[in-house]
Amino acid sequence: MYAPEWMLEKAKVVAGEIVNAEDRGAIIQAYREKMDLTQEQLSRVMRLRRETISRIEHGKVTPTLAFIHTFSGIATLVEAVKSYRSMNRAVEYLYFIRIGAELGVPQENVVSIVDTALMNYEKKRRKAIRFLER
């Protein structure tokens, strides 16, 4: 196993929150926004139409267990990438591909997820630095 215990636990927590929520769509939307992903970006990595993501978030469609499993893996993977970058650690794609497999994230999507997470992390980091330099 490559994924540290905290990642496996994080994925379980995310999935549990969604499954046990009365308004699953709102929880999914909150996690998507926390990951700094647009509906379009999430739909690409989930291999769904953007409209489907919107319907799920607005409670018009109930997410399947497969969706929840993959989504929780993606949320955890994004968190892991941000965590690694915040410690100035290099992001090794092969490592994250292996972790993604353990989290149920389709292998062909991991690189895209990692790239998007890195891009969003760096964008926020630069914005924080500009703010502090004022």
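Any value given below was found using the heavy atoms of this structure, including those in side chains, with hydrogens, waters and symmetry copies removed. Fair warning: this is a prediction, and the values are worked out from it, not measured in the lab. Throughout, numbering of the chain's residues begins at 1 and tracks the sequence.
Two residues are said to be in side-chain contact when any heavy atoms from C-beta on lie closer than 4.5 Å; Arg125 and Ile129 meet this criterion. A 4.5 Å side-chain heavy-atom check between Arg130 and Arg126 finds at least one atom pair inside the cut-off. Looking at Leu42 and Phe71, their side chains come closer than 4.5 Å, going by heavy atoms from C-beta outward. Side-chain contact between Ile27 and Val14 is absent, with no heavy atoms from C-beta onward closer than 4.5 Å. Annotation: side chain of Pro63 is in contact with side chain of Ile28 (closest heavy-atom distance under 4.5 Å).
Under the side-chain contact (heavy atoms from CB on, under 4.5 Å) criterion, Thr64 pairs with Ala66, Phe67, not counting sequence neighbours. Thr76 is linked by a side-chain contact (heavy atoms from CB on, under 4.5 Å) to Met7, Lys10, Ala11, Leu103, counting only residues two or more places apart in sequence or in another chain. For Glu9, the side-chain contact (heavy atoms from CB on, under 4.5 Å) partners are Glu5, Lys12, not counting sequence neighbours. Tyr84 is linked by a side chain to side chain donor-acceptor pair (under 3.5 Å) to Tyr95, counting only residues two or more places apart in sequence or in another chain.
Scanning all heavy atoms of the two residues, the minimum distance from Tyr121 to Ser86 falls at OH-CA, 3.1 Å. Closest of all the heavy-atom pairs between Thr70 and Pro106 is CG2-CD, 3.9 Å. Of all non-hydrogen atoms in Gln39 and Ile53, the two that sit nearest each other are CG-CG2, 3.9 Å. The heavy-atom pair separating Gly73 from Val105 by the smallest distance is C-CG2, 3.5 Å. What you find for Trp6 and Ala80 is that their closest heavy atoms are CH2-CA, 3.8 Å. When all heavy atoms of Ala3 and Leu8 are compared, the closest pair comes out as CB-CD2, 3.9 Å.
Checking side-chain atoms of Arg24 against main-chain N and O of Gly59 turns up no donor-acceptor pair under 3.5 Å.
Linking ILVMFWY residues whenever their side-chain heavy atoms come closer than 4.5 Å, directly or via other members, places Val111 and Ile74 in the same cluster. Placement of Ile56 and Leu65 within a single hydrophobic cluster is found when ILVMFWY residues are connected by side-chain heavy-atom separations under 4.5 Å, directly or transitively.
Hydrophobic cluster of Leu132: the remaining members, joined at side-chain heavy-atom separations below 4.5 Å, are Phe131, listed by chain and number.
Pairs of residues two or more places apart, or lying in two chains, that qualify as side-chain hydrogen bond (donor to acceptor under 3.5 Å, both in side chains) and include a residue from residues 96-119 are Tyr2-Arg98, Arg47-Glu108, Tyr93-Asp115. Residue pairs meeting the salt bridge (charged side-chain N to carboxylate O under 4.0 Å, His left out) criterion with at least one partner in residues 69-95, sequence neighbours excluded, are Asp36-Lys82, Arg85-Glu122. Every pair passing salt bridge (charged side-chain N to carboxylate O under 4.0 Å, His left out) that includes a residue from residues 49-63 is listed here, sequence neighbours excluded: Arg32-Glu57, Arg49-Glu51.
A distance of 8.5 Å separates OG of Ser54 from CD of Gln29, quoted to the nearest 0.5 Å. Taking CE of Met46 as the start and CD1 of Ile113 as the end, the distance is 9.0 Å to the nearest 0.5 Å.
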